[in-house]
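Some notes on the structure that comes next.
Within every chain, numbering begins at 1; the chains are lettered A, B, ... in the order of the sequence lines, protein sequences first and strands thereafter.
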Amino acid sequence: MLLGPSGSGKTTTLKLINNLLPASAGQVRVEGRALAEWDVIQLRRHIGYAIQEGGLFPHYTVWKNVALVPRLENWDAKRVAARVDEVMNMVGLPPGEFAQRYPAQISGGQRQRVGLARALAADPPILLMDEPFGALDPLTRSELQKEFKHLQQRLNKTVVFVTHDVSEALLLGDRIVVMDSGRIEGIYLPKEFLASPDAGVKPYVDAVRTTAQLLQS
Amino acid sequence: MKDFFINHRHEILTLTAEHLWLVGTAMLLAIAIGIPLGIFLTRHPAWKNLVLRSNGVIQTVPVLALFGLLLPAPWLGARADRLAITALTLYALLPIIQNTFEGIAGVDAPVREAAIAMGLTGRQLLWQVELPLASNVIVAGIRVSTVLTVGLATIAAAIGAGGLGEFIFAAFPWWITT
């Protein structure tokens with residue numbers, strides 16, 4: 001969980017991992033190998049990527065969007081079809097109803113599910129998610145967060161997740177990385193985070209507490 | 001008016017065929033050059049101003065003057081239709097290059113970014129994402145170009161390349177002498 005205000009470098013950090021941006025200094029290692037040792041196309045197909053609003057291809061049906069990476073990887077047609085059905089069910093989109101629709105014909109929450117299904121399709125061991133639930137209404141967001149938490153427990157993948165929403169970080173994160181002005185301020189377990197006296201963390205915790213108190217009163 | 005079409009039907013057919021040949025060939029050449037050039041510009045934007053501006057300069061040269069300018073060129077100047085097709089191609093290029101560039105540049109940034117992040121190669125990005133999404137804009141450019149060329153091609157008659165412009169030029173002496 002990368003947590004921090006806008007412009008703190010969360011998205012940049014994410015893009016360094018799949019080499020969308022080159023590192024200006026230092027070295028990025030994925031699975032212990034420096035990026036220079038990876039074939040960049042192989043690296044990216046090894047890493048699922050989900051962003052706000054999905055970034056779906058508007059000229060592809062939901063099915064083709066989800067099938068993208070498996071087809072790039074030349075899976076045979078049967079295996080692609082089976083896998084697309086499987087991940088679409090996994091994210092709560094019955095293929096019979098949604099497979100042939102275009103992104104413009106479904107809701108924002110459904111697009112987000114498609115984006116997640118696309119990221120999961122080739123079963124990559126690593127997932128990068130950049131505020132995937134950011135543009136959704138609060139009800140849909142909390143529903144998707146819950147579902148994603150269950151998925152995460154089942155799938156057991158390495159997930160790097162960018163958010164500026166503290167409760168999302170607490171709900172979904174195993175570790176919370178607090179960033180500010182391009183630097184890591186600290187790395188915390190959710191419990192440590194809540195109890196931390198650090199100046200970089202306290203405002204977040206106070207903000208969550210204030211909301212919680214308002215709700216109780 | 002009706003008599004004109006009946007009496008001149010053979011001439012009309014021949015000249016229309018000539019006209020179509022001039023326009024069709026010029027358009028095919030302009031598409032074959034313009035689309036790849038537009039794609040090139042999206043990959044190397046430093047060239048954009050040079051290419052679009054020099055093409056803009058060509059557009060400002062009157063078509064008769066351009067025929068004159070091209071006349072001394074070795075292979076081109078030898079036949080009127082070659083000359084006409086070359087000039088028409090040069091005029092037809094700009095909207096095609098420009099729309100190809102704008103169409104591809106107009107693809108949503110998150111869509112392009114997602115495509116790259118999913119591991120599409122440069123070629124896959126172009127053929128599976130950029131060209132399909134830019135196709136409306138590119139086709140619009142080709143359409144504008146075609147309309148322009150159909151009109152311009154009438155002037156090819158002035159240098160003896162034929163086409164429906166023959167009728168226009170044939171009419172001048174008649175107006176002047178009566």
Side-chain angles (χ1 to χ4, degrees), chain A residues 11-12 14-21 38-61 64-74 102-104 111-112 114-122 124 126-132 134-135 160, chain B residues 27 31-32 34-48 95-146:
Chain A
T11 298
T12 306
L14 207 66
K15 288 181 180 176
L16 286 171
I17 299 174
N18 64 356
N19 207 23
L20 282 182
L21 291 171
W38 282 87
D39 171 78
V40 65
I41 299 298
Q42 283 313 312
L43 171 82
R44 288 173 182 159
R45 291 184 189 168
H46 196 73
I47 299 177
Y49 189 71
I51 53 179
Q52 191 171 324
E53 272 294 301
L56 302 176
F57 295 177
H59 59 306
Y60 275 18
T61 58
K64 275 188 90 178
N65 266 292
V66 176
L68 182 71
V69 182
R71 289 170 80 202
L72 289 175
E73 290 283 276
N74 289 319
Y102 285 89
R111 276 199 288 277
Q112 213 51 74
V114 177
L116 183 58
R118 180 175 66 173
L120 291 170
I126 303 169
L127 271 184
L128 304 181
M129 307 186 75
D130 192 351
E131 296 191 23
V160 183
Chain B
M27 285 311 299
I31 292 168
I35 293 181
L37 203 54
I39 294 169
F40 172 83
L41 293 186
T42 63
R43 303 306 193 245
H44 307 272
W47 290 80
K48 184 191 158 202
I96 298 180
I97 299 175
Q98 184 136 27
N99 280 38
T100 304
F101 178 84
E102 302 293 345
I104 291 178
V107 172
D108 269 350
V111 171
R112 178 179 289 115
E113 188 189 291
I116 297 171
M118 293 289 144
L120 268 73
T121 61
R123 190 169 295 183
Q124 287 164 340
L125 178 67
L126 179 68
W127 286 100
Q128 298 185 23
V129 180
E130 292 180 318
L131 284 180
L133 288 175
S135 63
N136 280 344
V137 183
I138 297 175
V139 169
I142 293 174
R143 193 171 297 148
V144 169
S145 227
T146 310

Please round to the nearest 0.5 Å and tell me the distance separating atom CG of A:N18 and atom CD1 of B:I116. 10.0 Å

Exercise: identify the closest heavy-atom pair between B:A114 and A:R118: CB-NH2, 3.4 Å

Working to the nearest 0.5 Å, report the span between CG of A:L72 and CE of B:M118. 10.0 Å

Considering all heavy atoms, the nearest A:P58-B:V111 contact: CD-CG2, 4.0 Å

Which atoms of B:A115 are under 4.5 Å from chain A, going by heavy atoms: the side chain, the backbone, both sets, or neither? both

Got more than 12 heavy atoms from elsewhere within 6.0 Å of CZ, B:R43? yes

Using only non-hydrogen atoms and a strict under-4.5 angstrom cutoff, which residues of residues 128-138 of chain B touch chain A? B:Q128, B:V129, B:P132, B:L133

Which atoms of A:L20 come close to chain B, meaning under 4.5 Å heavy atom to heavy atom: side chain ones, backbone ones, both, or neither? side chain

Separation of B:E113 CD from A:T11 OG1 (nearest 0.5 Å): 8.5 Å

Using atom types as modelled and distance alone, determine if a side-chain donor or acceptor of A:R44 lies under 3.5 Å from a backbone N or O of B:A117. no

A:L56, part contacting chain B, at a heavy-atom distance under 4.5 Å: backbone

